[in-house]
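No experiment lies behind these values; they were computed from the predicted model shown. The residues of the chain are indexed from 1 along the displayed sequence.
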Amino acid sequence: MSTTADRLATAYLDAIEALGRVTPKGWYAERGTARAVVTHAEVASLNGVFDLAADPDLDSLDELATEVARQVPHWSIMVRGEATAALVDLAARHGLRERHALPLLGCGTDDIVFRPGSTQQALVRRVGAAESERYTDAFTESFEAPAGTFGSLMGGAVLDTDGITGYLAEESGHPVGTALGMRANGVIGVFNIGVVPSARGRGLGRTLTETVLRDGIAAGADAAYLHSSPMGRPLYESMGFVLVETWTMLAAG
């Protein structure tokens, strides 16, 4: 695995650790090369056991999986590359039988393609902890998730934490999109890019992504990463992101 991939994986782990430590009701633990985070959001990828080493520590993964499963019903195990047969068996013992590919896209900040100008009418602004409920409501609507899905994930001091920046896009005073930047060790991670259904198709997702990246660069980042859905990948590739590697998430059906 490449040095670039290693660096981005480390930045992702740092971001997950920061979120686990600061989000209300959050929990974080380490065993060997494995890490575990519980946020209590009803989303498997937001509660999980992660081992992003080239050779995952299965015993530590097993121990942490047991601890996470006791705390939340929605959780996952995440590794880089393909899951080995031994890991698949381990996950199955914990009730995780579905495999999902997670493309990790990355780029150097000098390679990002920014639009020279934008006709986007929405205002994108930073938001702090005082607006966490407004942010969460917009985030939930943008991802078309049931009310309460994300719980207190973005609550407490999360949006006031150093290295974590939340953004809201608004039109006529109404939230229409969200983004989150998580910066660690000179790398900016792009998260929570979402646009409410009524505002899609006008480039707002790109505007939000560019805002996160510009602020990350201004804060000293020289590389960026994100996990992309199939729908969003063409957008990010048009901005200069390339596939670095594919991770595997194992979750319950």
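The two residues Thr246 and Ala101 make their nearest non-hydrogen contact at CG2-CB, 3.9 Å. Among all heavy-atom pairs drawn from Leu235 and Gly205, the shortest one is CD2-C, 4.3 Å. Nearest approach of Gly240 to Val113, heavy atoms of both residues: N-CG2, 4.3 Å. Closest heavy-atom contact between Leu87 and Leu61: CD1-CD1, 3.9 Å. Shortest non-hydrogen contact noted between Ala9 and Arg80 is CB-NH1, 3.8 Å. Taking every heavy atom of both residues into account, Tyr225 and Ala15 meet most closely at OH-CB, 3.8 Å.
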Take Thr178 and Leu168 through the test side chain to side chain contact (heavy atoms under 4.5 Å, CB included) and record every step on the way to the result. CA-CA 5 Å; Thr178 61; Leu168 271 181; 3.9 Å; yes
Could you walk me through whether Thr109 and Leu213 pass the side chain to side chain contact (heavy atoms under 4.5 Å, CB included) check? CA-CA 8 Å; Thr109 54; Leu213 294 170; over 6 Å; no
The test is side chain to side chain contact (heavy atoms under 4.5 Å, CB included); show your working for Arg134 and Val127 and say whether it passes. CA-CA 9 Å; Arg134 184 176 175 85; Val127 293; over 6 Å; no
Side chain to side chain contact (heavy atoms under 4.5 Å, CB included) between Leu250 and Leu90, intermediate numbers included: CA-CA 10 Å; Leu250 298 153; Leu90 184 158; over 6 Å; no
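Expressed to the nearest 0.5 Å, how far CZ of Phe241 lies from CG of Leu226 amounts to 4.5 Å. We find the OG1-CG distance between Thr3 and Leu8 to be 10.5 Å, quoted to the nearest 0.5 Å. Rounded to the nearest 0.5 Å, atoms SG (Cys107) and CD1 (Ile112) are 4.0 Å apart. In this structure, OG on Ser229 lies 11.0 Å from CG on Leu102, to the nearest 0.5 angstrom. Separation of atoms NE2 (His74) and OG1 (Thr39) is listed at 11.0 Å; rounding is to 0.5 Å. Atom-to-atom distance recorded for Glu210:CD and Arg115:CZ is 4.5 Å, nearest 0.5 angstrom.
The stretch residues 36-57 participates, sequence neighbours left out, in no salt bridge (Lys or Arg N to Asp or Glu O under 4.0 Å) pair at all. Applying the side chain to side chain donor-acceptor pair (under 3.5 Å) rule to pairs touching residues 93-102 yields Asp62-His94, Glu98-His100, sequence neighbours excluded. Residues in residues 14-66 take part in no ring-ring contact (aromatic ring centres under 6.0 Å, His included) pair, two or more places apart or across chains. Sorted by first and then second residue, the pairs that involve residues 213-224 and meet side chain to side chain donor-acceptor pair (under 3.5 Å), not counting sequence neighbours, are Arg7-Asp222, Arg126-Asp215, Tyr167-Asp215. Among residue pairs with one or both ends in residues 141-152, those qualifying as salt bridge (Lys or Arg N to Asp or Glu O under 4.0 Å) are Glu144-Arg200; sequence neighbours excluded.
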Compile the donor-acceptor pairs under 3.5 Å between side chains in residues 184-194 and protein atoms, sequence neighbours left out, one pair per line.
from, atom 1, to, atom 2, distance (Å)
Asn185, ND2, Asp14, OD2, 2.5
Asn192, ND2, Tyr135, OH, 3.1

Could you give the side-chain donor-acceptor pairs of residues 148-163 under 3.5 Å, partners two or more places apart or in another chain?
from, atom 1, to, atom 2, distance (Å)
Thr149, OG1, Pro146, O, 2.6
Asp160, OD1, Ala129, N, 3.1
Thr161, OG1, Ala157, O, 2.8
Thr161, OG1, Val158, O, 3.3

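Residues Val37 and Arg35 have side chains not in contact (no heavy-atom distance under 4.5 Å, counting atoms from C-beta outward). A heavy-atom distance below 4.5 Å is found between the side chains of Met182 and Leu19. Between Ser60 and Thr33 there is no side-chain heavy-atom pair separated by less than 4.5 Å.
Of the possible polar contacts, none joining the Thr140 side chain to the Ala145 backbone as a donor-acceptor pair under 3.5 Å is found. A donor-acceptor pair is defined here as one N or O able to donate and one able to accept, closer than 3.5 Å; no such pair exists between the side chain of Thr165 and the backbone of Gly181.
Between the side chains of Thr211 and Arg125, no donor-acceptor pair of N or O atoms lies under 3.5 Å.
Under the 4.5 Å side-chain heavy-atom criterion for grouping Ile, Leu, Val, Met, Phe, Trp and Tyr, Leu96 is connected to Val79 within one hydrophobic cluster. Under the 4.5 Å side-chain contact rule for hydrophobic residues, Leu64 and Leu58 share a cluster.
Judged as a salt bridge (charged side-chain N to carboxylate O under 4.0 Å, His left out), and not counting sequence neighbours, the contacts of Glu63 are Arg31. Looking at residues two or more places apart in sequence or on another chain, you find a side chain to side chain contact (heavy atoms under 4.5 Å, CB included) between Ser198 and Val196. For the salt bridge (charged side-chain N to carboxylate O under 4.0 Å, His left out) test, no residue two or more places apart in sequence or in another chain qualifies with Glu82. Residues that satisfy the ring pair (Phe, Tyr, Trp, His ring centres under 6.0 Å) test with Phe114, not counting sequence neighbours, are absent from this structure. Qualifying ring pair (Phe, Tyr, Trp, His ring centres under 6.0 Å) partners for His227, counting only residues two or more places apart in sequence or in other chains: Tyr12, Trp247.
Residue Glu67 qualifies as enclosed at atom CD: its count of foreign heavy atoms under 6.0 Å is above 12.
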